Enquirer: 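Starting off with a structure, shown below.
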2 protein chains.
Amino acid sequence: MSARQVTLAEVAKQAGVSLATASRVLNGSTRQVSEELSDRVLRTAEQLGYVPNASAQALARNSSSLVGLVVHDITDPYFSCIAAGVTRVAEEAGLSVVLGTTGRRPEREVELLSTLRAHRARAVVLAGSRTTDRSAQSRLAAEIDAFTELGGRVACVSQAKLGTDTVVPGNRAGGRALARSLAELGHKKFAVLGGPSDLVVARDRLAGFKAGLADAGIAPPVVINGAFTRDGGYEAALELLASKSRATCVFAVTDVMAMGAMAALRERGVRVPEDMSIAGFDDIPTLRDTVPALSTVRLPLEEMGEIAAGLVLDAGGDEPRTVRVAGEVVLRASTAHN
Amino acid sequence: MSARQVTLAEVAKQAGVSLATASRVLNGSTRQVSEELSDRVLRTAEQLGYVPNASAQALARNSSSLVGLVVHDITDPYFSCIAAGVTRVAEEAGLSVVLGTTGRRPEREVELLSTLRAHRARAVVLAGSRTTDRSAQSRLAAEIDAFTELGGRVACVSQAKLGTDTVVPGNRAGGRALARSLAELGHKKFAVLGGPSDLVVARDRLAGFKAGLADAGIAPPVVINGAFTRDGGYEAALELLASKSRATCVFAVTDVMAMGAMAALRERGVRVPEDMSIAGFDDIPTLRDTVPALSTVRLPLEEMGEIAAGLVLDAGGDEPRTVRVAGEVVLRASTAHN
DNA sequence: GGAGCGCTGGAAAGCGCTTTCCCGCCACGC
DNA sequence: GCGTGGCGGGAAAGCGCTTTCCAGCGCTCC
């Protein structure tokens with residue numbers, strides 16, 4: 001069992017060349033090696049089934065081939081889509097993605113970053129949404145600094161004032177545009193299932209939505225906060241119904257929450273969209289086949305992951321770059337005229 | 001920029017102890033260190049912001065803290081659920097998960113395994129379903145051997161005759177039980193959207209389903225093959241409709257395919273379940289709120305991921321272990337009496 | 001009282017690779 | 001003919017850590 005690994009030294013010896021030459025052949029250094037030796041090395045490597053030891057390489061080169069990806073919950077389609085984009089780009093660049101999940105605990109994010117630093121990951125994409133908790137923010141910022149000090153790059157998806165490269169979805173603008181579109185359908189009274197009040201993404205979408213309503217001269221919506229999950233949407237919707245609100249249209253700040261909300265409405269005999277219109281945000285691909293089809297703001301999630309990975313992988317200048325990604329309002333069957 | 005990292009040597013020097021002592025303090029070796037020195041080391045490490053270099057540790061210890069996870073498509077909820085289970089267990093064990101996606105290309109699986117071998121990952125979970133392609137299988141088997149030779153462990157989720165630890169979902173049994181349940185609803189003519197004909201998972205579910213129908217004395221179903229995706233289900237359903245089959249009940253071998261199929265039926269004005277009953281397989285959590293609610297065979301996907309990670313992480317004997325996981329038929333609104 | 005033992009601390013030899021530095025060789029220009 | 005420079009090859013010095021081995025110390029036990 002556990003046969004000793006084949007080392008470069010063995011390959012070199014077997015091929016009758018020095019360690020240096022073997023190394024040069026097997027990893028395209030700047031130095032030339034004569035075709036004869038090169039061939040011999042390649043052949044013996046092949047024959048012995050040589051695979052370089054990534055740890056040793058990382059150590060010697062002082063840079064690894066790892067890219068970090070930190071998400072809250074890989075089960076959430078929002079994150080899995082972003083993850084798909086990130087992994088595609090990373091794998092094309094010959095890098096390996098190490099996936100960390102925080103379960104929405106900010107301190108976990110810091111831990112993961114520290115682990116990634118230990119691995120000397122060359123870059124990290126932080127896909128989780130930020131909170132407004134100052135102390136968590138500052139600890140995270142400190143970790144990010146430590147990470148970049150070591151020469152690693154960091155990019156965030158979603159709003160983040162952390163001095164890193166960032167992919168910023170148009171949360172505010174999207175919320176606003178959505179509100180206007182819904183107002184055009186004739187709705188006058190709105191409710192928002194707003195997620196946790198300390199989550200930047202949720203706040204932005206809500207703020208945008210409010211602004212959009214204001215644009216249309218409509219009174220501010222009832223806002224019900226809750227968890228940023230399917231169950232959060234479900235609970236919030238129940239609460240809304242219990243509150244006897246007169247709203248005819250509900251905006252859930254994510255599609256996933258909207259799904260939960262629709263389930264709650266259905267259980268209570270509230271028809272969508274006849275009795276209540278409902279809209280979400282994200283346009284999760286997996287959820288596009290639901291009935292009634294969900295009105296939402298489409299975000300190119302996979303592309304966002306690709307962009308983030310792109311930012312973080314090509315060195316770029318020192319200036320933190322920001323790429324804005326627009327959301328597009330998509331009205332479907334879950335919202336009706338009023 | 002890129003301030004040199006803090007090394008163990010610096011910590012040791014600063015604390016006025018030897019490298020050996022510092023190392024022993026900072027990673028719980030078997031050796032005792034006096035409280036005084038230990039404290040001093042801990043304090044200076046803290047103060048300097050020391051983070052061990054994982055590559056160096058891996059090299060010196062000849063074992064890394066990486067666990068591989070190979071899936072076809074992280075966007076597919078089937079895989080993201082399994083991934084959640086694997087990452088949870090791995091992170092609890094203090095290990096990092098490196099995620100690889102194959103895009104359903106068998107050769108990519110081999111590449112990823114080789115990369116993982118380069119990283120000396122201590123274990124790998126292969127979550128993608130196997131094909132019946134002999135040559136791909138044998139190349140994969142060779143890679144797996146090479147990997148285990150180095151002392152790494154491998155576990156597969158789903159059927160696999162590769163001599164590794166395996167988590168085997170009850171695909172056959174589940175398909176069979178589902179067929180019986182549907183037969184009890186009074187259906188006499190069935191169709192199956194069977195996925196790719198060379199995918200073991202798909203074949204098993206289909207075979208089980210056929211057996212179940214046979215148990216109930218019902219004629220074999222029409223089988224339409226297609227891609228193992230939402231679109232595959234959509235296309236297959238269209239094909240089914242075009243074929244003028246008399247089937248009153250369709251079994252799609254995955255929930256995701258069933259979603260696609262339902263979309264196709266809806267577009268063609270076929271009502272579910274009034275005109276056509278439909279059932280899936282997996283019971284994807286994200287899809288549970290769809291209307292009509294999908295009848296399916298529930299698999300504890302996250303738990304399967306946890307089990308696989310568990311198998312692969314606790315050393316175990318040499319005997320490849322197999323854990324069987326039963327599917328449970330869940331009849332919901334998408335299937336009606338006939 | 002000395003041999004033997006257990007215990008703590010340090011020196012140093014690796015782990016497998018990259019890369020610098022040096023050496024010998026050849027082609028070239030004066 | 002000799003200095004120069006370029007080029008292909010090898011020796012060896014690390015990269016940051018772990019771990020073996022040894023030294024020294026304070027005990028206990030004949």
Side-chain angles (χ1 to χ4, degrees), chain A residues 2-41 44-45 48-66 115 117-122 150-151, chain B residues 2-42 44-45 48-66 117-122 150-151:
Chain A
S2 191
R4 277 241 316 94
Q5 65 183 294
V6 181
T7 70
L8 225 211
E10 292 172 46
V11 175
K13 190 169 154 206
Q14 186 94 355
V17 302
S18 77
L19 205 51
T21 303
S23 170
R24 294 199 263 253
V25 170
L26 292 172
N27 67 16
S29 85
T30 46
R31 294 266 313 251
Q32 286 269 349
V33 174
S34 77
E35 197 165 331
E36 191 202 332
L37 292 195
S38 171
D39 271 6
R40 225 156 67 204
V41 171
T44 33
L48 262 44
Y50 170 73
V51 173
N53 182 321
S55 303
Q57 285 187 312
L59 184 58
R61 293 186 178 143
N62 190 27
S63 95
S64 81
S65 56
L66 262 25
T115 306
R117 177 151 64 106
H119 283 290
R120 301 304 186 264
R122 83 166 52 175
L150 251 48
Chain B
S2 191
R4 276 241 316 93
Q5 66 184 293
V6 181
T7 70
L8 224 210
E10 293 173 46
V11 174
K13 189 169 156 205
Q14 185 95 355
V17 301
S18 78
L19 205 52
T21 303
S23 170
R24 293 199 264 253
V25 171
L26 293 172
N27 67 17
S29 84
T30 46
R31 295 266 314 248
Q32 284 271 348
V33 174
S34 77
E35 198 164 329
E36 191 202 331
L37 292 194
S38 170
D39 271 6
R40 225 155 69 205
V41 171
L42 252 18
T44 32
L48 264 44
Y50 171 72
V51 173
N53 183 321
S55 303
Q57 286 187 313
L59 183 58
R61 292 187 178 141
N62 191 27
S63 96
S64 81
S65 56
L66 262 26
R117 178 150 64 105
H119 283 289
R120 301 302 186 263
R122 84 166 53 174
L150 251 47

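As the structure is a computational prediction, the values presented were derived from the model and not from experiment. In what follows, every chain begins at residue 1, and chains take the letters A, B, ... in the order their sequences are listed.
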Enquirer: Under 3.5 Å, side-chain donor or acceptor atoms of residues 54-65 of chain B against the rest of the protein: list the pairs with distances, not counting sequence neighbours.
Expert:
{"unit_1": "B/Ser64", "atom_1": "OG", "unit_2": "B/Leu66", "atom_2": "N", "d": "3.2"}
{"unit_1": "B/Ser64", "atom_1": "OG", "unit_2": "B/His119", "atom_2": "O", "d": "3.4"}
{"unit_1": "B/Ser64", "atom_1": "OG", "unit_2": "B/Arg120", "atom_2": "O", "d": "3.0"}
{"unit_1": "B/Ser65", "atom_1": "OG", "unit_2": "A/His119", "atom_2": "NE2", "d": "3.4"}

Enquirer: How do B/Arg61 and B/Leu37 order along DNA chain C: which one's closest nucleotide is nearer the 5' end?
Expert: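 Between the two, 5'-proximity favours B/Leu37.
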
Enquirer: Could you tell me the separation between the CG atom of B/Leu48 and the P atom of D/dG16, rounded to a whole number of Å?
Expert: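 Atom CG in B/Leu48 sits about 14 Å away from atom P in D/dG16.
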
Enquirer: Going through the checks in order, is the side-chain contact (heavy atoms from CB on, under 4.5 Å) test met by A/Leu19 and A/Leu8?
Expert: CA-CA 7 Å; A/Leu19 205 51; A/Leu8 225 211; 4.2 Å; yes

Enquirer: Pick base, sugar-phosphate or nothing for B/Asn62, based on heavy-atom distances below 4.0 Å to the nucleic acid.
Expert: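 B/Asn62: no heavy atom of the nucleic acid under 4.0 Å.
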
Enquirer: Write down the atom of A/Arg24, the atom of A/Arg31, and the distance for their closest heavy-atom approach.
Expert: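 Scanning both residues completely, I find the closest heavy atoms to be CD-CB, 3.6 Å.
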
Enquirer: Ignoring backbone atoms, test whether B/Ser34 places a side-chain nitrogen or oxygen under 4.0 Å from the OP1 or OP2 oxygen of C/dG9.
Expert: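 So the side-chain polar atoms of B/Ser34 do come within 4.0 Å of the phosphate oxygens OP1 or OP2 of C/dG9, strictly under.
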
Enquirer: Working to the nearest 0.5 angstrom, can you tell me the gap between B/Leu37 CG and B/Leu42 CG?
Expert: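 Output value for this atom pair is 11.5 Å.
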
Enquirer: May I have the step-by-step check of side-chain contact (heavy atoms from CB on, under 4.5 Å) for A/Ser23 and A/Asn27, ending in yes or no?
Expert: CA-CA 6 Å; A/Ser23 170; A/Asn27 67 16; 3.6 Å; yes

Enquirer: Would you please test A/Val41 and A/Leu26 for side-chain contact (heavy atoms from CB on, under 4.5 Å) and show each step?
Expert: CA-CA 8 Å; A/Val41 171; A/Leu26 292 172; 3.9 Å; yes

Enquirer: From CD of A/Gln32 over to C1' of D/dG9, roughly how many Å is that when rounded to an integer?
Expert: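 Rounded to whole Å, this separation is 13 Å.
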
Enquirer: Nearest whole angstrom, please: distance from the P of D/dG16 to the OH of B/Tyr50.
Expert: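 In whole Å, D/dG16 P lies 10 Å from B/Tyr50 OH.
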
Enquirer: Axis-to-axis angle across the helix from C/dG1-D/dC30 to C/dC30-D/dG1, five pairs an end, to 10 degrees?
Expert: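 It comes to 50° between the two terminal axes.
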
Enquirer: To the nearest angstrom, how far is A/Leu8 atom CG from D/dA11 atom P?
Expert: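 Computing the A/Leu8:CG to D/dA11:P distance gives 14 Å.
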
Enquirer: Please round to the nearest 0.5 Å and tell me the distance separating atom OG of B/Ser38 and atom CD of B/Gln32.
Expert: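 Interatomic distance, B/Ser38 OG to B/Gln32 CD, rounded to 0.5 Å: 9.0 Å.
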
Enquirer: Choose from C/dT8, D/dC17, C/dG16 the nucleotide whose nearest atom is closest to any side-chain atom of B/Leu19.
Expert: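 Closest nucleotide to the B/Leu19 side chain: D/dC17.
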
Enquirer: Rounded to whole Å, please give me the gap between CD in A/Gln57 and C1' in C/dC15.
Expert: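 Spelled out: CD on A/Gln57 to C1' on C/dC15 is 14 Å.
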
Enquirer: Please report, rounded to the nearest Å, how far the C1' atom of C/dG9 is from the CD atom of B/Glu35.
Expert: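 Interatomic distance, CD of B/Glu35 to C1' of C/dG9: 17 Å.
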
Enquirer: Which residues pass the side-chain hydrogen bond (donor to acceptor under 3.5 Å, both in side chains) test with A/Thr21, not counting sequence neighbours?
Expert: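 A/Thr21 satisfies side-chain hydrogen bond (donor to acceptor under 3.5 Å, both in side chains) with A/Ser18 only.
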
Enquirer: Return the value, rounded to whole Å, for the distance between atom NE2 of B/His119 and atom P of C/dC15.
Expert: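 Result: 22 Å.
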
Enquirer: Using a cut-off of less than 4.0 Å, is there contact between a side-chain N or O of B/Asn27 and OP1 or OP2 of D/dC17?
Expert: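 Indeed not, no polar side-chain atom of B/Asn27 lies that close.
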
Enquirer: In terms of the nearest nucleotide of DNA chain D, which residue is placed more toward the 5' end: B/Ala56 or A/Ser18?
Expert: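 Nearer the 5' end of the strand: A/Ser18.
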
Enquirer: If only side-chain N and O atoms of B/Ser23 are considered, is one of them under 4.0 Å from the OP1 or OP2 phosphate oxygen of D/dC17?
Expert: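 No, because none of the side-chain N or O atoms of B/Ser23 sits under 4.0 Å from OP1 or OP2 of D/dC17.
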
Enquirer: Rounded off to whole Å, could you give me the CD-to-C1' distance for the A/Gln5 and C/dC17 pair?
Expert: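 Computing the A/Gln5:CD to C/dC17:C1' distance gives 11 Å.
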
Enquirer: In terms of side-chain heavy atoms of A/Ala60, which of C/dG10, C/dC15, C/dC17 is nearest?
Expert: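 The listed nucleotide nearest to A/Ala60's side chain is C/dC17.
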
Enquirer: Quick one: salt bridge (Lys or Arg N to Asp or Glu O under 4.0 Å) partners of A/Arg122, sequence neighbours excluded?
Expert: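 Checked A/Arg122 against salt bridge (Lys or Arg N to Asp or Glu O under 4.0 Å); zero matches.
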
Enquirer: So, using salt bridge (Lys or Arg N to Asp or Glu O under 4.0 Å) as the criterion, who are the partners of A/Glu35 when residues are at least two apart?
Expert: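 With neighbours one apart ignored, the set is empty.
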
Enquirer: Can you give me the N/O atom pairs linking the protein to nucleotides 20-23 of chain D at distances under 3.5 Å, or say none if there are none?
Expert:
{"unit_1": "D/dT20", "atom_1": "O4", "unit_2": "B/Arg24", "atom_2": "NH1", "d": "3.4"}
{"unit_1": "D/dC21", "atom_1": "N4", "unit_2": "B/Arg31", "atom_2": "NH1", "d": "3.3"}

Enquirer: Taking the side chain of A/Leu59 as heavy atoms from C-beta outward, which of D/dC17, C/dT18, D/dC15 is closest to it?
Expert: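 Of the options given, the side chain of A/Leu59 lies nearest D/dC15.
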
